[in-house]
Amino acid sequence: MKLFRKVLIANRGEIAVRIIRACRELNIGTVAVFSDIEKDSMHVRLADEAICIGPASVADSYLNIPGILSAAEITDAEAIHPGYGFLSENPQFAEACKKSKISFIGPTSENIRLAGNKSKAKQILRKKGIPVIPGSSGALQDKKSASAIARKIGYPVIIKASAGGGGRGMRIVTEESVLDHSLSAAESESLTSFGNGELYIEKYIPQIRHIEVQIATDNSGKTVHLGERDCSIQRRHQKLIEESPSPISTEKLRKKLGDYAIKAAEALKFRNVGTIEFIVDGDDNIYFMEINTRVQVEHPVTEMVTGIDIIKEQIKLASGLPIAFEQKEVTVKGHSIECRINAEDPYTFIPSPGKITFLYQPGGPGVRVDTHVYSGCTIPPYYDSMIAKLIVRGRNRMEAIERMLRALNEYVIEGVKTTIPFHKKVLAHPDFISGNFSTSFLERVKII
Ligand code: MV4
């Protein structure tokens with residue numbers, strides 16, 4: 001097996017820069033793709049080659065499958081890294097790459113398709129003995145059986161779209177009288193959003209923590225996990241702060257999560273790197289939630305505590321190389337926290353595109369900044385508003401918190417509004433410091 005000679009990065013922003021860095025360390029050539037308005041972007045500057053793939057609108061550039069495949073063919077790239085978002089979880093894209101004899105750096109198209117069918121994935125894992133939230137077995141057949149299931153598990157229940165995920169198309173139902181209406185509304189919403197009206201139903205669990213496990217699998221099926229990330233600090237299903245290990249983690253909980261994650265990856269015949277999402281309730285009960293078949297925004301916190309470069313591993317796995325270490329060699333050392341810095345108003349979270357007129361990035365011990373921005377660059381209004389990830393590592397959680405606050409205070413970004421003031425408040429909040437929080441933290445706590 002040989003590493004790829006040249007990789008095309010079908011993405012932009014910080015993740016494109018992150019992937020180019022990994023390729024450079026592996027001695028792999030890089031091709032950036034960019035839209036009309038991005039010729040001065042950092043990912044274009046850092047790549048060996050760059051090719052324009054269309055206008056600013058993502059439908060005509062970063063989501064244009066034939067356009068991206070042509071760019072790979074023209075530049076003679078052997079593989080495509082999709083990053084996150086855009087085409088990263090599109091099974092048709094993974095399939096189209098295969099047809100064009102270009103390696104897709106990610107799981108198989110079958111993996112992506114199955115993970116995209118949440119009720120099916122859940123049903124398979126339940127049969128394998130992995131704990132899942134009580135509810136319908138697979139997709140709902142009709143309203144009558146939905147009502148019988150809801151009565152059996154007890155209200156409140158939550159209706160989810162099989163094709164949904166990340167909180168889209170969910171509905172909490174507190175009593176039987178509104179179930180019928182909620183099912184109809186959820187079905188039509190799911191049909192419009194995902195072109196698929198399949199639903200499933202679960203017991204609604206309040207006060208949860210969102211804990212996910214990073215996994216990696218090679219082509220022989222050897223799977224390792226890289227510990228957990230706690231992503232409970234989020235607003236409207238947008239994660240804002242992530243950390244590893246989880247503040248509630250113990251050796252025992254990590255072992256349990258890791259064993260379930262590996263079992264899930266094996267049951268789903270998963271390949272490459274991915275994340276198994278769990279929810280953990282107030283009594284430390286663990287339930288499988290969904291599987292993400294891409295590299296995630298928050299992967300750096302895992303890198304910081306394990307010392308493993310997840311993107312380099314991902315590229316090596318896609319080129320057919322085996323996992324060159326054993327589970328017992330994976331150790332979690334210290335504590336890492338990531339704050340997502342968005343170009344948004346810190347009070348309203350309304351996007352704030354524009355020119356960065358002055359930039360000073362923090363540094364010093366244990367500080368990492370993953371970003372594509374530079375002094376004088378322009379944040380366009382067409383894309384995600386995340387402009388940087390500030391990641392710190394400390395010997396323990398308290399040192400990581402203190403270090404994060406120190407780094408947030410050093411950070412200077414002028415010209416656009418950012419969420420830095422928001423993060424300073426969260427990191428100084430007693431409930432964050434104590435680690436005693438759930439996904440409803442930002443609804444409960446008046447941060448600003
Ligand atoms: C739930 C739940 C409570 N009970 N399912 C939100 C995103 C999607 N992955 C599933 N989600 C939830 N499913 C049951 N049965 C609460 C959430 C949820 C949540 C989950 C993870 C992270 C943040 C969240 C915020 C609100 C609700």
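Bear in mind that the values here come from a model prediction, so they are computed numbers and not experimental data. Ligands are counted one by one from 1 in listed order, and the atoms in each one are counted from 1 as well. Position 1 is the first residue of the sequence; numbering continues from there.
- Remark: R209 is positioned above the aromatic ring of F437, its terminal NZ or CZ atom under 6.0 angstrom from the ring centre and at most 45 degrees off the axis.
- With 3.5 Å as the limit, one finds a donor-acceptor pair spanning the side chains of H335 and E243.
- A ring-centre distance under 6.0 Å is not found for H210 and F278.
- By the 30° and 60° cut-offs, the orientation of the rings of F86 relative to Y62 is parallel.
- The shortest side-chain heavy-atom distance between H43 and I9 does not fall under the 4.5 Å cut-off.
- With ring centers used as reference points, F422 lies 6.0 Å or more from Y347.
- Contact residues of ligand 1 (protein heavy atom closer than 4.0 angstrom to a ligand atom; sorted by chain and number): I133, I158, K160, G166, G167, M170, E202, K203, Y204, I205, I208, H210, Q234, H237, E277, M289, E290, T439.
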